[in-house]
Amino acid sequence: MASTEPLLKVRGLNAYYGGSHIIQDAALRVEPGESVALLGRNGAGKSTLMKSLLDAGPRVTGEIMFDGVALAGVATDARTRHGLVLVPEDRRIYPNITVAENIALGRHAARPGAKVNSDEIYDLFPLLKPLLQRAGYQLSGGQQQLVAVARGLMGAPRLLLLDEPVEGLAPVVVDEIAHDIGRIRQTGELALLIAEQNLGFARRVTDRVVLIDSGRIVFDGGWDAFDADPQLKERYLAV
Ligand SMILES: Nc1ncnc2c1ncn2[C@@H]1O[C@H](COP(=O)(O)OP(=O)(O)OP(=O)(O)O)[C@@H](O)[C@H]1O
Ligand SMILES: [Mg+2]
């Protein structure tokens, strides 16, 4: 793949739940290794857009190119094996198996031939190491989120979609997750798309902002450009 090609290129994306037209003509690009924030208030369409990329929920039309492949007609699990991995907002930690087993489940999503080393992934999350033999139900919300992200990484993603990874977490835990994401970003080519409402966190872990409102992308640009227009925050974010 030429390095000038975006990793993800979305054009004319529409998504529907039954008769409700949720995502409206969205366009989006993510470059290899880039980290992009997807901002928008409750109900703006962040989760629907992420699920649309995986064909995991809404009915979707439009063009999604990922790593040079058109995804129309490609099943959700095949998209994941191709390197498009979603950590959903509800985390989905299995309560009755251990943390290590929960994380290992992510390996099934890995593309054939991908090298995934659980020890390297544990190294990214120092807080998880002492918890590996605990059961899923014995974790706090922040610990569950770390497990969900670690499990996502076991799928050897090229683009990791994180849906509100710090929602409801205490500031000290948000801080830890920001550090962990920083370590993940240093490991190489992995690109991130992070749905968020926490502006401070999003700013720390991303390079660029995509703002969505009522299913439409209303801004796409760098943090400097975002900050230069304070109306964006007032109109489109509940801050
Ligand atoms: N399964 C569903 N069936 C029908 N409508 C849905 C479904 N999921 C979401 N919606 C609707 O789609 C719109 C976008 O919701 P979505 O969950 O994508 O928003 P969001 O930006 O992720 O919000 P939040 O920050 O609260 O997670 C909302 O109007 C919501 O009510
Ligand atoms: Mg959501």
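Please read these numbers as outputs of a predicted model, since none were measured by experiment. First listed ligand is number 1; within each ligand, the first listed atom is number 1. The first residue of the sequence shown is numbered 1, and numbering continues consecutively from there.
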Inset, instruction - Tell me, with the steps shown, if Glu176 and Arg183 meet salt bridge (Lys or Arg N to Asp or Glu O under 4.0 Å). - result: CA-CA 11 Å; Glu176 175 61 32; Arg183 273 192 291 274; 3.6 Å; yes
Legend entry - Donor-acceptor contact below 3.5 Å, side chain Thr206 vs main chain Ser35: no
Inset, instruction - Write down, by chain and number, every protein residue that brings a non-hydrogen atom to less than 4.0 Å from an atom of ligand 1. - result: Tyr17, Ile22, Arg41, Asn42, Gly43, Ala44, Gly45, Lys46, Ser47, Thr48, Glu89, Glu164, Gln197
Inset, instruction - Determine yes or no for a side-chain-to-main-chain donor-acceptor pair under 3.5 angstrom, with Glu167 supplying the side chain and Glu164 the backbone. - result: no
Legend entry - Donor-acceptor pair between Glu89 and Ser47 side chains, under 3.5 angstrom: yes
Legend entry - NZ/NE/NH1/NH2 to OD/OE distance under 4.0 Å, Arg203 and Asp227: yes
Inset, instruction - State, without any angle test, whether Gln145 and Arg91 hold a side-chain donor-acceptor pair at a distance under 3.5 Å. - result: yes
Legend entry - Distance in Å, Leu193 CG paired with Leu161 CG, rounded so as to fall on 0.5 Å steps: 5.5 Å
Inset, instruction - Ignoring hydrogens and angles, tell me if any N or O in the side chain of Glu101 forms a donor-acceptor pair with the backbone of Thr98 under 3.5 Å. - result: yes
Legend entry - Approximate separation, where rounding is to 0.5 Å, of Lys46 NZ and Asp163 CG: 7.5 Å
Legend entry - Polar protein atoms near the Mg ion (ligand 2) [N, O or S; cut-off under 2.8 Å]: Ser47 OG, Glu89 OE1
